Amino acid sequence: MTKARGALGDLFWVAAMMFVVVVQPLYLLPIEQQLPVTLTLVMVGLFLKRPTVRDESKASRAAVIAGRALDLVLIVGSAVAGAYVAANYAAIIFRQGAFTATDNAMALVLLVLVLEGVRRAVGWPLTIVCLVFVLYAIYGRQMPGPLLHRGYPFDRVARHLALSYSGIYGIPLAVMVRYVILFIVFGALLQVSGAAEFLVRFAQSIAGRFTGGLGKVAVVSSALVGTISGSAAGNVATTGSVTIPAMKRGGYQPHFAGAIESVASTGGQIMPPIMGAAAFLMADYLGIRYAQVATAAIIPAVFYFMAAWFAIDLYARAAGLRGLTKEERPPFLGTLRTGWVHLVLIGIVYAMLIVGYTATRAAFVGVCAAAALVLLKRVGLRELWGVLRQGAEAAGILCAVTAGAGIVVGIVQLTGLGAQLASALVDLSGGHVAVLLVLVMVVSIVLGMGMPTTVVYVLLATLVGPALVAMGLTPLSAHFFFFYFGVLAAITPPVALASYAAASIAGSDFDKTGWAAFRIALPSFLVPFFFARNPALLLEGTALEVVHNSLTAGVGIWLITTAVMNWMNGRLPLWARAVLFAAALLLIDGGLVTDLVGLAVLVALMLWRYRFVPAARASRQGGAAGPEVSPGTPNAVEGVHGADG
């Protein structure tokens, strides 16, 4: 019974995904009808796949019967309420402010169903956030200080959230239906056609020759696969199953192999052209084309993967890890010959976005082209169903999550909380932009530890985005700031979900893998501060400003990585690492004088390190045994990226 119910739930989720793929690009129904139909299919599938009683074999018969009865009520309620809104959408729009008793009842049912759906989809954290905001809307008169508002009765709150298209059926869910689901299908079809395997081989042919080649292959392959998945966990599962065992065989310690993969895979959410679902939301919130968001993400994404590349290079030099031999590497031209079509498909989608086509049109063309490729490759139905089912599950969970996020957005709009909180944050920061940025960073990471990036972005765009803009940041740099940190939460201990997923593949200790990933990615935690201070890094500036700031910030990232990984021709003393960090900050500042001072400090330090201090003596001064670190000696390798020198 449980297995059949799960299969039926999969069918509803795939039906929801296919409904969007067919109806949305061709505009067969107005968006006001597409949203309730899609959410209804998703909710029915969710209540089938995530039943009240998960393991009926361990529950009493009474509990099983009660659980099944409750699930049936929820399924029927979802179908009835969703069908009612879809069928009467025009009348509901005209009845704003004069709703009928049936409208009120359906609004209450929808609100309860979405809250329960969110709980079953992602657990209690987001559900509690939604409940807190609902209670805030009701008990506004009892709130202190800037949180005070008039308060609204529960039925008014429910109507606003379920029937006004400013809540459950608001921007977050609309973005899912308009863009994200189409790109999920595009990525799923590309993967089943062999794109993921080709991109891994392609990365091996490019990066395998370099020092620590297998680790750099993981970075390149995860960056490439990230362009079609936009999911940290999905990247870990896709590329990690290949790269992590390969890194372990090549001499990488298990926890460091898992850390490399988790860092590289997390970058998929900031890797153009597809990125994560939050990037599509950003385009809608800012009122700009998605192509502008994807283009602005190029330099931050390069910096992110550059930091990981540098960290792996330093680790490999210290551990004595070499690149792949010519015999071990797939031939570049031969690899390109077997899978060039995948690069062409990705390029077509990106080109359409750049020249001005909507994300919907570009994704639809990509889906059609990828479907044709699947047919040409004669992919088996079972394999195709498996990939579509996985994509539909990701889409279903995201739809439930964005419906929950719509509750928060709707309450903020109803109560005016956004403007009040923005003012309070500006006051709390004392008018200092740096203090406000640090506050937003902490909030973004904390929220990201317990909720998906999409929800974190919606919350912060609504609550703190206005505060950052009020303090002088451009809207694009402000939104990219908390979006970036919401992504980094996936590799920030103590939760670090992407690191834990990689650790399970690597067979390593979860905490050890999480902290290693945090060290590798530490320079990336400064990247948002770079573009917050220098919008040219988001391509908001002249060509000269973009080139100048990119070059100096890139050198700064290398210096910070060197200081964190503690290796420059040997271990470094603590004072040298502090000097490297200071020089990096000077280069990142963006001014000509600070750049010249930073470069002078860097040249002096490198002369001291490479000219006047031999490697062996440098290592002794740094407190290590020497630069020759064997991969088989865990303590020595640990010291490369963990000791203070």
Side-chain angles (χ1 to χ4, degrees), residues 13 16-43 81-82 85-86 88-90 92-93 96 107 110-111 113-114 117-118 121 126 130 159-186 230 274-291 293 358-364 394-414 418 452-462 465 479 483:
W13 275 354
M17 192 168 67
M18 291 299 101
F19 170 80
V20 171
V21 169
V22 173
V23 173
Q24 168 57 25
L26 302 177
Y27 304 104
L28 299 180
L29 291 175
I31 190 67
E32 291 84 3
Q33 283 185 303
Q34 293 179 42
L35 295 175
V37 171
T38 304
L39 186 60
T40 297
L41 293 171
V42 165
M43 297 292 283
V85 175
N88 297 280
Y89 79 95
I92 288 173
I93 291 173
Q96 295 293 315
L110 273 170
L111 179 56
L113 287 170
V114 169
V118 170
L126 178 56
C130 293
R159 290 196 302 269
H160 177 77
L161 295 177
L163 302 178
S164 70
Y165 299 98
S166 297
I168 292 169
Y169 299 123
I171 289 178
L173 184 61
V175 168
M176 281 296 304
V177 171
R178 284 174 177 152
Y179 318 123
V180 179
I181 291 178
L182 286 164
F183 277 104
I184 288 175
V185 176
F186 174 60
I274 298 178
M275 305 171 66
F280 295 92
L281 285 167
M282 191 187 303
D284 259 45
Y285 271 104
L286 295 177
I288 60 178
R289 293 186 298 113
Y290 174 72
V293 174
T358 64
T360 302
R361 182 67 57 84
F364 184 63
I397 297 300
L398 276 173
C399 283
V401 163
T402 50
I407 292 176
V408 175
V409 174
I411 296 299
V412 170
Q413 292 178 350
L414 181 65
T453 308
T454 306
V455 179
V456 176
Y457 173 78
V458 170
L459 288 174
L460 296 178
T462 307
H479 282 245
F483 164 62

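Keep in mind that what you see is a predicted model, and the values were worked out from it rather than measured. Just the heavy atoms: all of them, side chains too, but no hydrogens, waters or symmetry mates, feed the values below.
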| said: For a side chain to side chain contact (heavy atoms under 4.5 Å, CB included) check, start with the C-alpha distance between Val177 and Tyr169, then their side-chain angles and the critical distance, and finish with the verdict. | reply: CA-CA 10 Å; Val177 171; Tyr169 299 123; over 6 Å; no
Side-chain donor or acceptor of [X] paired with backbone N/O of [Y] under 3.5 Å:
X	Y	value
His160	Gly410	yes
Thr358	Arg361	yes
Gln24	Ile31	no
Trp13	Val42	yes

| task | Go through the steps for Gln96 and Ser164 under the test side chain to side chain contact (heavy atoms under 4.5 Å, CB included), then give the verdict. | result | CA-CA 7 Å; Gln96 295 293 315; Ser164 70; 4.0 Å; yes
| field | Criterion side-chain contact (heavy atoms from CB on, under 4.5 Å) against Leu161, the qualifying member of Leu414, Leu111, Val409 | value |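 Between Leu161 and the candidates, side-chain contact (heavy atoms from CB on, under 4.5 Å) is satisfied uniquely by Leu111.
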| request: Could you check if a side-chain atom of Phe483 sits within less than 4.5 angstrom of a side-chain atom of Met275, using non-hydrogen atoms only? | output: yes
| task | Report yes if some heavy atom in the side chain of Leu281 is under 4.5 Å from a heavy atom in the side chain of Pro172; otherwise report no. | result | yes
Exercise answer: donor-acceptor pairs, residues 179-186 side-chain atoms, under 3.5 Å, sequence neighbours excluded:
unit_1 : atom_1 : unit_2 : atom_2 : d
Tyr179 : OH     : Asp284 : OD1    : 3.3

| request: Would you please test Val175 and Thr402 for side chain to side chain contact (heavy atoms under 4.5 Å, CB included) and show each step? | output: CA-CA 9 Å; Val175 168; Thr402 50; over 6 Å; no
| Trace of the side chain to side chain contact (heavy atoms under 4.5 Å, CB included) decision for Val293 with Phe280 | CA-CA 8 Å; Val293 174; Phe280 295 92; over 6 Å; no
